[in-house]
Structures are given as C-alpha cells and as structure tokens.
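Predicted, not measured: the structure shown is a model, and the values here were computed from it. Computed from heavy atoms alone, side chains included, the values below leave out hydrogens, waters and symmetry copies. A note on names: the letters A, B, ... follow the listed sequences, proteins ahead of strands, and every chain is numbered from 1.
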There are 2 protein chains.
Amino acid sequence: MCIETIRQLEKTLPASWETFPIDVDEFKNSSAFALIFKQPSDNRGEVANEMNIKDIAKISGVGISTVSRVLNNSGVVSDTTRAKVLAVVKQYNYVPNSNARNLKKTQSNTIALMVKGISNPFFANMIKEVERQVHLRGCPLMIQQVEDGVDEIAAAMQLIREKNLYGVIFMGGTYDHSEEEFNQLGVPFVLTTITTMKDVDPAAFSSVSIDDVQSAYKATSYLISLGHRNICFLARFPFMANTIGNRRLLGYKKALEEHGIEYDPALVEDCEYAPSFGFAAAKRLLSKNLGITAMFAASDAIAIGAAKAVLSSGLSIPGDVSIVGFDGIEMAEYYHPSLDTISQPGVEMAHVSVEILFDLIAGETANRHVVFESMLVKRGSSRKVN
Amino acid sequence: MCIETIRQLEKTLPASWETFPIDVDEFKNSSAFALIFKQPSDNRGEVANEMNIKDIAKISGVGISTVSRVLNNSGVVSDTTRAKVLAVVKQYNYVPNSNARNLKKTQSNTIALMVKGISNPFFANMIKEVERQVHLRGCPLMIQQVEDGVDEIAAAMQLIREKNLYGVIFMGGTYDHSEEEFNQLGVPFVLTTITTMKDVDPAAFSSVSIDDVQSAYKATSYLISLGHRNICFLARFPFMANTIGNRRLLGYKKALEEHGIEYDPALVEDCEYAPSFGFAAAKRLLSKNLGITAMFAASDAIAIGAAKAVLSSGLSIPGDVSIVGFDGIEMAEYYHPSLDTISQPGVEMAHVSVEILFDLIAGETANRHVVFESMLVKRGSSRKVN
DNA sequence: TTCAAGATAGTAAACGGTTCCATTTTGACT
DNA sequence: AGTCAAAATGGAACCGTTTACTATCTTGAA
C-alpha cells in the first residue's frame, strides 16, 4: 500500500479511527514502512462460558469420576451412561482443561521439537512432517529454536520440567553432551539428523540419520568417476569435531584417497548453509584459479549459491564446472540447470522420528537407531570431462 | 549407508544387538530404506528428583506464599528473604510447574501459531522470527498446521480452551469467519498475511499484511512500462472470493485496464504456490503459443518453476520472457538469472505481529491493522521490449 | 512501656482434572 | 428369595501453584 493509497483510505475512515505512521527506525534493514489504524474495540472477546467436568457431571446426572472415565476410556462405564455423558459433552462442546489433567498426571501430552534453524528448507520440510505426525496422534507440538551457543539439552530440560513434556525431538546440529546429560532428560527423546561429539553409548538414545561420511563419499566418487580431479568442497566447519561438515569432509577425503588424488586444503571452503555463503565461498574459490572443474556442496542451499557464482562468472554448468549438492530440496531441482544432489529422505526421517518417539512413550525400552540411505540424484549439473 | 556398510557394521556390534531391516513398504514414495539397531537400554532416564514450591519453602525456611511472591515479583518481600529464596531456587535448579500455575491462573503463557504450510519458504522465514520474538518474551510457542478444509478458528478454539492459551497468531490463508466467530476466541489474536472473505469489522481483530492488490498492480505496471503487452499471471484461485490469488489478480487486471490492455483469461493460470506447479503452469502457457513476453507469478516459488519451464524450453530470461515473482525469498535472488520480485518484509511483519499480540495481551484494547509496503526488487529477469 | 500502623510471612482455599477406594447396583446361581 | 461376586458409580484426596485473608513481627510515636 503506497502512501497515497493510505492517505486516501484515511479519508474514508470513521472519525473514531486514528492513523499514524509506524516507527520506521525500528526497521532499518528494510525499506518497509507502515501505517497503523487504531480504534478502541468496544467488544473485547468474551471467553465462551467455560464448562468444567463438574458441570458436565451435574448436567448428565452422574458423578465426576464417571465423566472422567468416559472421556479417558478408562475403567468400566455402562453403555447407557457413556452415551448420556458423551451427548452432554458434545452438546456443550466441552473440552477438558489440559493444565489440570497434566498437573494431576504429572505428564502432559505435549511434544517439543528443539530445532536449529526453522527456515532451512530441508528442516522446514521435516518439521512439517513432524507436526503432521504428532498432530495425528492427538498431541500438540511445541517448537523451540536453539540458537548457536545455547545448550540444547539444558533448554529442553527447562521445558520438560516446566511443562511435564511427553517427549522431545531434537533436530539438527552437533551435540556435545555426555550420556549422563542425556539421561537427565527423563523423558523419551530422539535425535534426528544430529551428530554427537562425545562418544555416547548407543543404548542411551535413539536416532534417525543418514551416513554423512558415506554420502559425501558417494558424491565425491561420482564426480571422480566422471573424470574430475580438482573437486572443491563447501561446508561449514566450526571448531568442533564430528560436525556434519566434518563428517562429510571425511567422506570427501576418503573418496579422493581411494582414487589416488591428493587432498588439497585450498579446495575446501568454510561456509554457512545458505545461498549467500555458498555464493561468496565459490567466488573466493574461482578467483584463486585452481583449475576447479567440480564443486561438491554440503547442502543444496550452498550449491545454489555456488552455482550462481559460477554462472555469473560467465562459466557454464556443467560445461565448465560440475556441481553436486546435498539434501534434495525442491528448489535445487528447479534451478537451471537442475542440480545433482545427494538426497536425504527428509519426510521419511521425520516420520520415523515421531514413530520411534511414540514407541518410547508407549513404553518401548529399546532405543533404536535408524540410518536411512541417501540417494545420488543425477539431473544434469555434472558431466564427464577428458 | 549402503547395504554393505551396514552388513559390515553388524559384525562389529555386540551380540546383544538386534539388526533388522525396516519395513520398506511403508515408504513407497522413496527408495530409501533403513536398518534398525536395537538394544534394550538398562537405564531408562530417571526423572531428576523434582522439587516443588513446598520443598523450596521448607529449605529456605519461609512460607510457600513467600516463595511464590519472590518468583512472581508480586507483593512485598524483604530483600533478605528474597535473596535467601533465590539462592535456594538457583541451587536446586527449581523450575515452577507451569501446569499448576496455568491451572490456578486459568491462563498459560503459551502462544499458538496456526499456520498454513510450514515449509513454504516465505512462511518458514516468518515463523522463525515469530518463534524468536515469542521466545524472547519468555513464552513457549505451539505450532499447528491447518490443513486445507479444516476450520482454523475451531482448531484454535480447541487449543485455547484446552491449554488456556495466552494468545494466537494466525498466519496465511483465507478465512471465512464472521465477527462472532472471531470474538468467540476469547484471547488476543493477530491475523498475519491472511485475507478474510466475510466483511468483518476492523475493530474486531488485528492484522498485519501488505496490500496485495496494489502490489500486483505494481508488478504488472512495471512489466507494462517495459513494453510488455502479453503478460501472463500465475496464482492459485480456489473457488472463493478474496483469496490472496484473487486479490493479486485484481491488481493485475487493474494495471492492464489502466494501460488499455484487454484482459485475456487465457493468460491466467491456476497453480499452487510451489515450483512444480509453476513449472507445469508455465509449460501449459508456453505450449499455447500466445506470444507471451512476460510472466508475473504470485510467489517466487511459482516464478522459479516457471523460469525453469521457460529456460528448459530453450527460451532465455529476460531475452525472450521477462519474469517477476512475489515474496522475496532468498532462493529467487540466487536463481540464475536472479529473479525480479515483489518483496514482502516478512521478518518485520512477523516481528510486528508478535508486538501487536503482546500489546493486546498486556491489555491494549485497540486493535491495530498494520499494512506494510511491498517493494519491487529489480534484479534482471525482466527487460524492455520493442 | 505500650500500642497502632505498616511490613512481612503464613494458612488455606481454590483451579479442574484423575484415580484410589468405598459403596451401590446388577444379575447369575443356589 | 437369598447370596455373592462382578459391574457400575460416586466420594474425596491430591497434583503444584496463586492469592485472599489472617497472623505475626517490627518500628516508632505517644
């Protein structure tokens, strides 16, 4: 809405409305601005007259405990009584208060998802499926982003004790926790696409993942098989061991080694998992004139940025440079040229994560570790050389 | 991890572990498979010995209510007592049980986000900011996806009554609700990037949005100003009035009309907001040989798909076809060529949504409607013709 | 020294459920 | 009809807080 439109709109407003510009300084990073239309509302929403279990009991002419039994399908209730109660419940659209229920049971039905970076398209896709599956099981989902540097387990602990959570799914990142810390959680949990730095006994946790080393090995081997020798690698390498980036680097190195290609650190660039960083990293690499003929990016987002760098340098893909990404996000397929990638079955991984979690909640005592197979998807961003 | 790797890994496992393939049929849509390693865990996490307010009171040597007053900063407590209690709270890492608190207060501090399609990159970005802002205010965030066809308000109502929610943010979609239905919610709420079908009194709700008509008008006018006459438009048009797609269509039509170009329905394609649909729609359009020189897509995701269709048909962008998208997602910038777009300040919109919500929670009675300005971002996917 | 006022702390009653346990009802079998 | 186990139901304690109300302790002025 441009200024003129708003000014015009202003004239048509009832006199009771105020109009004033929003504080622009607050949004320095955007040229956006806005106007606010205000009007005191006379009718603040009244909470619909709440019913509680006592009301339902009274109306149905039964005891409180009977209503509870009907609602929870616990204990024995005669069909007549059950029908009577359910009718009243339906009529008054009664919803049990979960705070009370959780308090009494010292356990809620809420699942928490601790995730690193909601907006990462690969995660976003998994989150979507997690929400769907959790919701399908009648449980609400709480999402919390764990910023860099915060202790994921500690954050989850806080939430668990505060809310008496049912279970937790941890998604993405590298965890530096000991077995004791995991045990402290005290509720079922699953680690999805997470690498652990400490050597934790597999019996102490469940996980869903792919084999990053093997996957990167697969991608690199593929490029080597096409005749490439100068293959660069773009990923994030924090000062920690066993991160996703480092594990994929391992696979990259392993492939080089197996094919007698010497590992050249100059071909490896540190970059965040986003197009802008991939773009910058690829630019840096290209400017070094290392005779690069192929790029392997540890995420499709990086690959997209790198591809842009290549194409905007006047080089062609795969004519001059071959590119293989990682993740298998939709956008990579619709890039032009479509990007080859190591695809992770994100939806299935999310699905299985929730399944494992609910099995644990249901009392399963054996932790499971599901390792999915990644897939090399060839779409035409790499070609044979020599 | 390929089969061989797993077989090898199997041999190194202690005998107590079972290994068996996951049911592949469950994942028909993916060629993924997985093996599961199982081992009964002997030490199921013990819940850390929970403390309650009574324990803290006893240990601190004060009354329960005093502890409560300290924790809530309510009432008057002497500095000595306060320090004493806080020390104990800290020492035992005591976290108040929010179920009990919420039950007593008949209000929780939980915010719910009802969103259509978490994985849409534009929404994902906003969700990220909403989570950040809500979290910053010390409140947990619950996310629920509203599938097509489910009543958003009814779903929220259920959650509100069950969890005594603090507030709700509705994000995306077209709502067909009356003022009464909104009022029923009974808690503060904000509609973000939502269009309403019924004519609801603006005093009854708060909203954050851009002007879709104006924005589409801007994009179309831009293409017209470059000399284009055969401009197609790709968006989703459900059988409802006043959807985002329909509003943008209005702007598109308005621009055509103002410049004396006759509206041709054949140039308008119905398609979902995803690359694959944009691709298919653009293919359909191109095959009709309508002499299209420009495409305006109602989302960048569509634009990316459409661009792919254009490029893979051997046409060039912007040489043969100019393209303008909508939203301003990062991927569009890194497409090659970078896609022109109507950019929405998503982060700011999310930010303001949370601000409005918490103002309402704090007792503000005036509903606000913030209309952000969208921006035409020119990056080179359109060019002058004739 | 006494006492009222003000400050602080403690008591106990909710909040809305679940669930153990006691009681009533039912009905099959002597 | 009487007996008794099983089935159905109701009563009440409790989950961990908040908060109104009451009790106690200071403190300083009379």
Side-chain angles (χ1 to χ4, degrees), chain A residues 47-86 88-89 92-110 158-166, chain B residues 47-86 88-89 92-110 158-166:
Chain A
V47 180
N49 54 331
E50 296 297 339
M51 302 229 97
N52 58 29
I53 200 170
K54 224 177 280 177
D55 300 324
I56 299 296
K58 199 180 295 168
I59 295 170
S60 320
V62 301
I64 292 175
S65 48
T66 304
V67 176
S68 178
R69 275 187 292 261
V70 168
L71 293 170
N72 294 288
N73 278 319
S74 65
V76 271
V77 182
S78 70
D79 289 347
T80 345
T81 312
R82 174 183 309 277
K84 204 163 53 181
V85 171
L86 284 178
V88 175
V89 165
Y92 290 90
N93 194 22
Y94 163 70
V95 181
N97 181 306
S98 74
N99 288 130
R101 167 179 289 180
N102 298 340
L103 173 60
K104 185 66 185 85
K105 300 178 100 166
T106 54
Q107 180 191 76
S108 88
N109 63 341
T110 302
Q158 166 98 13
L159 215 52
I160 288 168
R161 299 181 60 180
E162 210 181 291
K163 299 276 174 189
N164 295 119
L165 292 183
Y166 215 29
Chain B
V47 180
N49 54 332
E50 296 297 340
M51 303 229 95
N52 59 28
I53 199 169
K54 223 178 279 177
D55 300 324
I56 298 296
K58 198 180 295 169
I59 296 170
S60 320
V62 302
I64 293 177
S65 52
T66 304
V67 177
S68 178
R69 275 188 291 261
V70 169
L71 292 170
N72 294 288
N73 279 318
S74 65
V76 269
V77 182
S78 70
D79 289 346
T80 347
T81 313
R82 173 184 307 279
K84 204 165 52 182
V85 171
L86 285 179
V88 175
V89 164
Y92 290 89
N93 194 22
Y94 163 70
V95 182
N97 181 305
S98 73
N99 288 131
R101 168 178 288 179
N102 297 341
L103 172 60
K104 187 63 187 93
K105 301 177 101 167
T106 52
Q107 178 190 79
S108 87
N109 64 341
T110 302
Q158 165 98 14
L159 215 51
I160 289 168
R161 298 181 60 182
E162 211 181 291
K163 300 275 173 189
N164 295 120
L165 293 183
Y166 215 28

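Here the C1' atom of nucleotide C/dT11 and the CD1 atom of B/Ile53 are 14 Å apart, to the nearest Å. Per the geometry, CZ belonging to B/Arg101 stands 17 Å off C1' belonging to C/dA14, to the nearest Å. For the pair B/Arg82 CZ and C/dA7 P, the interatomic distance rounds to 15 Å; values are reported in whole Å. Between the P atom of D/dC15 and the CD atom of A/Glu162 lies a distance of 20 Å, rounded to the nearest Å. Rounded to whole Å, the distance from CG on A/Asn102 to P on D/dC14 is 21 Å. Here C/dC15 presents its C1' atom at 13 Å from CG of A/Asp55, a figure rounded to the nearest Å. Taking atom NZ of B/Lys163 as the reference point, atom C1' of C/dG17 lies 13 Å away to the nearest angstrom. When rounded to the nearest whole Å, the span between NZ of B/Lys104 and P of C/dG17 equals 15 Å.
Contact check for B/Lys105 versus A/Asn99: no side-chain heavy atoms found under the 4.5 Å cut-off. You'll find the side chain of B/Asn73 reaches within 4.5 Å of the side chain of B/Arg82, heavy atoms only.
A donor-acceptor contact under 3.5 Å links the side chain of A/Ser65 to the base of D/dG11.
At a threshold of 4.0 angstrom between heavy atoms, the contacts of B/Asn99 with the nucleic acid are absent. In this structure, A/Val77 reaches the sugar-phosphate backbone alone: every heavy-atom distance under 4.0 Å involves primed, P, OP1 or OP2 atoms, never a base.
The nucleotide whose nearest atom lies closest to any side-chain atom of A/Arg69 is, among D/dG10, C/dG17, D/dT18, D/dG10. Distance from the side chain of B/Ser68 is smallest to D/dT18 among D/dA20, D/dT18, D/dT17. With C/dT18, D/dG16, C/dT8 as the candidates, the nucleotide lying closest to the side chain of A/Ile64 is C/dT18. Comparing C/dC15, D/dT9, C/dT18 by their closest approach to the side chain of B/Leu103 singles out C/dC15. Candidate nucleotides C/dA9, D/dG16, C/dG17 were compared by shortest atom distance to the side chain of B/Thr81, and C/dA9 ranks first.
Looking at every heavy atom in both residues, A/Pro96 comes nearest to B/Glu162 through O-CG, 3.6 Å.
DNA chain C is contacted by both A/Lys105 and B/Gly61; B/Gly61 maps to the nucleotide lying nearer its 5′ end (nearest heavy atom per residue). Positionally, the nearest nucleotide of DNA chain D for A/Gly75 lies more toward the 5' end than for the other of B/Asn97 and A/Gly75.
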key: A/Leu71 and A/Tyr94: CA distance, side-chain angles, deciding distance, side chain to side chain contact (heavy atoms under 4.5 Å, CB included) verdict   = CA-CA 11 Å; A/Leu71 293 170; A/Tyr94 163 70; 3.5 Å; yes
request  = Start with the C-alpha gap between A/Val77 and A/Arg69, add the side-chain angles, then the distance that decides, and say whether side chain to side chain contact (heavy atoms under 4.5 Å, CB included) holds.
outcome  = CA-CA 7 Å; A/Val77 182; A/Arg69 275 187 292 261; 3.7 Å; yes
task = Mind running side chain to side chain donor-acceptor pair (under 3.5 Å) on B/Asn97 and B/Asn52 for me, showing each step along the way?
result = CA-CA 8 Å; B/Asn97 181 305; B/Asn52 59 28; over 6 Å; no
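For the atom pair A/Leu86 CG and A/Thr81 OG1, the distance stands at 10.5 Å (nearest 0.5 Å).
Residue A/Tyr94 has a polar side-chain atom (N or O) positioned under 4.0 Å from OP1 or OP2 of C/dG17.
B/Ser108 places a side-chain N or O within 3.5 Å of a backbone atom of B/Thr110 that can act as its donor or acceptor partner.
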task = Spell out protein contact along nucleotides 22-27 of chain D as letters: B when the base is contacted, S when just the sugar-phosphate is, - when no protein heavy atom is under 4.0 Å; keep the 5' to 3' order.
result = ------
